[in-house]
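All heavy atoms count here, side chains included; hydrogens, waters and symmetry mates do not. Below, read A as the first sequence line, B as the second, and so on, with proteins coming before strands; counting in each chain starts at 1. Note that this is a predicted model, so its numbers are computed, not measured.
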2 protein chains.
Amino acid sequence: MYQVNDKEFNCSISVTLDIFNDRWKLSIIWHLLDSDKRFKELHNEIDEITQKTLTVKLKELEKKNIINREVFAQVPPKVVYSLTDAGRRLKPVLDDMFTWGVGYVEEFGKITPNVQCKIKEGKK
Amino acid sequence: MYQVNDKEFNCSISVTLDIFNDRWKLSIIWHLLDSDKRFKELHNEIDEITQKTLTVKLKELEKKNIINREVFAQVPPKVVYSLTDAGRRLKPVLDDMFTWGVGYVEEFGKITPNVQCKIKEGKK
DNA sequence: CCGTATCCTTAGAGATACTG
DNA sequence: CAGTATCTCTAAGGATACGG
């Protein structure tokens with residue numbers, strides 16, 4: 001049994017799954033792997049997310065020690081988000097997921113002209 | 001843009017996430033990586049899942065071409081589930097998630113005596 | 001043994017408006 | 001710019017009972 005972030009898990013894979021088991025967190029991590037970002041930059045890049053949801057997800061990721069939140073005392077406000085070491089260590093997982101997804105699409109999907117990888121779940 | 005299983009995705013990572021983005025599917029895949037299993041065996045090994053939910057999740061995975069369902073015409077019924085090639089290719093992803101989880105727990109969690117890896121999300 | 005059929009409860013997330 | 005505060009909707013999943 002593992003105890004992390006006030007939850008209990010019986011497997012370390014569950015621990016990992018818990019980090020991004022929703023519609024948005026993996027996308028946020030992906031965009032921060034690229035470079036540190038301000039709130040607004042993230043909101044622009046993940047443009048389907050609402051401001052409220054982005055705020056909630058950033059807080060969750062901060063609480064889980066995946067991202068850092070740095071506030072600059074200035075007007076207008078500036079807040080920069082970056083990955084922690086633990087967050088950056090997620091890259092291999094993302095890479096594998098990317099690779100698997102490519103193979104899966106080749107086998108079962110159709111590809112239409114793309115713009116950019118944005119990582120979110122498909123609309124249900 | 002990708003079109004798979006009647007959904008649209010703008011990134012192949014999203015495609016992968018969609019496969020196991022709930023509380024149970026990853027656990028089912030994990031148990032089938034070990035060996036093919038009957039319905040009852042899965043239900044015993046993932047003992048917190050309800051029969052109904054297991055049924056639903058198995059159907060979803062079958063529809064997504066991750067598992068095969070083989071029915072033996074006998075009484076009492078026998079149904080065996082196994083991974084497809086695509087399902088088996090998920091192993092590296094699982095392995096990386098396992099590795100990451102171990103590191104994360106070392107850094108932020110507590111470990112208490114364990115029984116066996118069961119993969120499910122922690123109770124919310 | 002391997003499921004279906006209902007009913008029910010919750011949490012995730014969208015829409016919208018407001019604030020230091 | 002970077003958030004809060006409400007309100008609402010929906011779908012995932014649990015409990016329970018029944019069926020081939």
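Direction change of the helix axis from one end of the helix from C/dC1-D/dG20 to C/dG20-D/dC1 to the other is 50°, with five pairs defining each end axis (rounded to 10°).
Going from atom CD1 of A/I46 over to atom P of C/dG14 covers 12 Å, rounded to whole Å. Distance CG (A/L54) to C1' (C/dG12): 15 Å, rounded to an integer number of Å. Atoms CZ (A/F39) and C1' (D/dT4) sit 11 Å apart, rounded to a whole Å. To the nearest angstrom, P of D/dG14 lies 10 Å from CG of B/D22. For the pair A/E70 CD and D/dG3 C1', the interatomic distance rounds to 18 Å; values are reported in whole Å. Between B/N21 atom CG and C/dA11 atom C1' the separation is 14 Å, expressed in whole Å. D/dG13 atom P lies 8 Å from atom CD1 of B/I49, rounded to whole Å. Atom NE2 in B/H43 sits about 10 Å away from atom P in D/dG14, given to the nearest Å.
Here the side chain of B/P76 is nearest to one of C/dA15, C/dC2, C/dC1, namely C/dC1. Of the candidates D/dA15, D/dG13, C/dC2, C/dC2 carries the atom nearest the B/R38 side chain, counting heavy atoms from C-beta on.
The side-chain contact (heavy atoms from CB on, under 4.5 Å) check on B/D34 picks up B/K37, with sequence neighbours excluded. With sequence neighbours left out, B/R89 forms a side chain to side chain donor-acceptor pair (under 3.5 Å) with A/E107.
The local environment of NZ in A/K91 is sparse, with at most 12 non-hydrogen atoms from other residues, nucleotides or ligands closer than 6.0 Å.
Residue A/K40 has a polar side-chain atom (N or O) positioned under 4.0 Å from OP1 or OP2 of D/dC1. In terms of phosphate contacts, A/R23 brings a side-chain nitrogen or oxygen within less than 4.0 Å of OP1 or OP2 of C/dG14. For the OP1/OP2 pair of D/dG14 and a distance below 4.0 Å, the side-chain nitrogens and oxygens of B/T53 include at least one atom meeting the criterion. OP1 or OP2 of C/dG3 sits under 4.0 Å from a side-chain N or O of B/Y81.
With contacts defined as side-chain heavy-atom distances shorter than 4.5 Å, the pair A/D22/A/K57 qualifies. Looking at A/F98 and A/V102, their side chains come closer than 4.5 Å, going by heavy atoms from C-beta outward. Two residues are said to be in side-chain contact when any heavy atoms from C-beta on lie closer than 4.5 Å; A/I46 and A/H31 meet this criterion. The shortest side-chain heavy-atom distance between B/K63 and B/E60 does not fall under the 4.5 Å cut-off.
Taking the six-membered ring for Trp and thresholds of 30 and 60 degrees, B/W100 and B/Y104 have nearly parallel ring planes, at less than 30 degrees apart.
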Distances for protein N or O near nucleotides 17-20 of chain C N or O, under 3.5 Å:
none

With a cut-off of 3.5 Å and sequence neighbours excluded, list every side-chain donor-acceptor pair involving residues 64-77 of chain A.
| residue | atom | partner | partner atom | Å |
| --- | --- | --- | --- | --- |
| A/K64 | NZ | A/D18 | OD2 | 2.9 |
| A/R69 | NE | A/Y81 | OH | 3.2 |

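For A/K52 and D/dG3, a side-chain-to-base donor-acceptor distance below 3.5 Å is absent, hydrogens and geometry of angles not being considered.
Just one residue in the list B/D95, B/I29, B/L33 forms a side-chain contact (heavy atoms from CB on, under 4.5 Å) with B/L90, and that residue is B/I29.
Listed by residue number, A/K57 are the residues of residues 55-63 of chain A with a heavy-atom contact under 4.0 Å to DNA chain C.
Annotation: the span from B/S14 atom OG to B/K7 atom NZ amounts to 10.5 Å, rounded to 0.5 Å.
Panel note: side chain A/S12, backbone A/V15; no donor-acceptor pair is recorded below 3.5 Å.
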